[in-house]
Colleague: 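There's a structure below that I have some questions on.
The chains referred to below are lettered A, B, ... by the order of the sequence lines, with proteins before strands, and numbering in each begins at 1.
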Amino acid sequence: MSEGMGSMNKCRYISMLERWFDGESVEEDIRGHVEACSSCAAHLKQLQALRDAAQGVPRDEIASAQFLAFMAGIREGVTAPEPVRRPVWRLGWMAAAVLVLTFSLFWTVSGGPDAYEATVVESCSSDLEGATVSAYASDDGVMTVAVMVSVDEDSWGDDR
Amino acid sequence: MQMAVVYDIALVSRYADIRYPEADDSPVERWVLLAQQGDFAAFEKLVQFHRNDVFRLAFHYVRNREEAWDVSQEVFIKAFRALASFRREANFKTWLLRITANLCKDHAKKRRLLTVSFDSRRQADAAAVTPGPGQALEAQELGQAIQKALDCLSHKHKTAFMLREFEGCSYEEMAQIMNCSVGTVMSRLHHARKKLQESLQEMGVRRDGLDE
């Protein structure tokens, strides 16, 4: 069984060989390498055979005489109103908006979670101007400490 | 004949980066600039100049003259509408070929829904071109075999092969058209060739260099 193009060539020059074959610039003397390397020579032969085969693919063109007819269709197309197409991302945003609205409505109707009641058990101020520390305790025995800092622009003074 | 000039005010006002043609601009660059400013006659020149670049590629994808004609017209209509977004960083031809490749991909998707499944078509095609033992294919038959082998490739691999072998694009141009790096172009091209070779072997194509 014959081997395919990629499977038979393990030479490290394969990539450079293909670049050279496609008319791209290469850093080394690839022609000299191909003369010395039988696997690259075989690979080059395959590349050329494939290129030759591709030349047999039927081609077609628009002749000059057909240009006016071709252009007439384009003119008609560009003057026609552009079809309005909603992009997919816009549909995504719409779906997200509907979800948020549904969730908000559900939240409003159900009244949301029970209000969490807690009482301040201790509150004090600190040396830092505008900072207050408060400790809250709920009936469940959960203790929450909140540090509130109110900063007005003047409080930074000239130190900064 | 007097060319009709269509002034699309919306198009012009959308285009923030207006530059007027200069003496050292190539004719294509000049036509692009004028077309971007709403000169339909300049756009018509661009169509005339590039019609076969677009049509040839479309024809290789769809392999039907009428469909290639329609797709090519659609490419130019789309290009006209998107002219404002063309920033002239890429070559205009490259930009057109990119639109062509994308439209042909959409076209193939639509057509796949209307035709027989891929596998059954591939089997039928392979059976149709399998030559007898030792029989050499003539160039035309070989070309048909290549076309059928191209059907077995993904859109990306097929595009890489067609841009290189049929359109003669450089790696850099291919990278712009396929919106990828040059390294990715090389990888796609290598795999496209490898798979084509394998498909041709599966079809039993015998030709010096192809069946080794």
Side-chain angles (χ1 to χ4, degrees), chain A residues 1-9 13-26 38-39 41-85, chain B residues 4 6 8 40 43-44 47-48 51-52 54-56 59-60 63 65 68-70 72-74 76-78 80-81 137-147 150 161-162 164-166 168 170-172 182 186-187 189-191 193-198 200-201 205 207-212:
Chain A
M1 180 70 193
S2 58
E3 286 183 285
M5 217 164 86
S7 59
M8 55 84 60
N9 197 314
Y13 279 85
I14 182 170
S15 175
M16 202 186 294
L17 174 72
E18 289 180 3
R19 268 172 26 219
W20 175 72
F21 177 73
D22 287 325
E24 303 287 323
S25 58
V26 289
S38 61
S39 69
H43 187 61
L44 185 61
K45 196 175 168 188
Q46 289 175 331
L47 289 171
Q48 190 58 54
L50 202 55
R51 178 161 292 172
D52 292 344
Q55 296 306 308
V57 171
R59 286 148 206 257
D60 203 354
E61 294 204 334
I62 300 172
S64 300
Q66 296 165 320
F67 176 69
L68 285 179
F70 182 71
M71 197 62 219
I74 295 170
R75 195 177 288 113
E76 198 178 308
V78 296
T79 50
E82 196 171 349
V84 180
R85 284 194 301 173
Chain B
V6 176
D8 185 338
F40 196 78
F43 180 72
E44 198 163 318
V47 177
Q48 192 163 16
R51 69 181 190 277
N52 280 323
V54 170
F55 184 80
R56 265 197 314 267
F59 184 76
H60 284 309
R63 267 183 268 133
R65 188 175 166 81
W69 179 281
D70 291 346
S72 305
Q73 285 180 326
E74 207 180 324
F76 284 110
I77 292 166
K78 197 164 181 177
F80 180 79
R81 288 184 173 145
L137 288 177
E138 294 301 321
Q140 198 183 350
E141 288 174 309
L142 199 54
Q144 285 171 355
I146 288 269
Q147 277 193 323
L150 278 169
F161 185 80
M162 293 198 308
R164 178 59 228 150
E165 298 298 346
F166 300 154
S170 67
Y171 285 179
E172 189 59 46
V182 168
M186 288 168 63
S187 166
L189 195 51
H190 173 77
H191 284 102
R193 284 169 167 156
K194 186 179 164 188
K195 285 177 184 171
L196 279 175
Q197 183 91 14
E198 287 166 2
L200 291 171
Q201 282 176 8
V205 173
R207 191 169 173 112
D208 195 25
L210 285 176
D211 57 342
E212 286 174 18

Colleague: At a 4.5 Å cut-off on heavy atoms, which part of A:A69 comes close to chain B: side chain, backbone, both, or neither?
Modeller: both
Colleague: Looking at every heavy atom in both A:L50 and B:I146, which two are closest together, and how far apart are they?
Modeller: CD1-CD1, 3.8 Å
Colleague: If you count heavy-atom pairs under 4.5 Å between each of B:F59, B:F43, B:F76, B:F161 and chain A, which one has the most?
Modeller: B:F59
Colleague: Does any N or O in the side chain of A:E24 come within less than 3.5 Å of the main-chain N or O of B:S170, such that one atom is a donor and the other an acceptor?
Modeller: no
Colleague: Got A:R75 and B:F40 here, is their nearest side-chain heavy-atom distance under 4.5 Å?
Modeller: yes
Colleague: Counting only heavy atoms closer than 4.5 Å, note whether B:H191 contacts chain A via side chain, backbone, both or neither.
Modeller: neither
Colleague: Nearest 0.5 Å, what's the CZ-CD1 distance between B:R51 and A:I74?
Modeller: 10.5 Å
Colleague: Tell me whether the count of non-hydrogen atoms from other residues, nucleotides or ligands lying under 6.0 Å of CD in A:E76 goes above 12.
Modeller: no
Colleague: Return a table of donor-acceptor pairs under 3.5 angstrom between the side chains of residues 54-61 of chain A and protein atoms on other chains or two or more places apart.
Modeller:
residue: A:R59; atom: NH2; partner: A:A54; partner atom: O; Å: 3.4
residue: A:D60; atom: OD1; partner: B:R65; partner atom: NH1; Å: 3.0
residue: A:D60; atom: OD2; partner: B:R65; partner atom: NH1; Å: 2.9
residue: A:E61; atom: OE2; partner: B:R56; partner atom: NH1; Å: 2.9

Colleague: With heavy-atom distances below 4.5 Å as the criterion, would you say the side chains of B:V47 and A:F67 are in contact?
Modeller: yes
Colleague: Taking atom NE2 of B:H190 and atom OG of A:S15, what is their separation to the nearest 0.5 Å?
Modeller: 9.0 Å
Colleague: Is it the backbone or the side chain of B:S187 that comes under 4.5 Å from a heavy atom of chain A, or both, or neither?
Modeller: neither
Colleague: List in chain and number order the residues that pass salt bridge (charged side-chain N to carboxylate O under 4.0 Å, His left out) with B:E165, two or more places apart in sequence or in another chain; answer none if no residue qualifies.
Modeller: A:R51, B:R193
Colleague: Roughly how far, to the nearest 0.5 Å, is the CD atom of B:Q197 from the CG atom of A:L47?
Modeller: 8.5 Å
Colleague: Between A:D52 and B:L142, is any pair of side-chain heavy atoms under 4.5 Å apart?
Modeller: no
Colleague: When you compare the side chain of B:M186 with that of A:E18, does any pair of heavy atoms fall below 4.5 Å?
Modeller: no
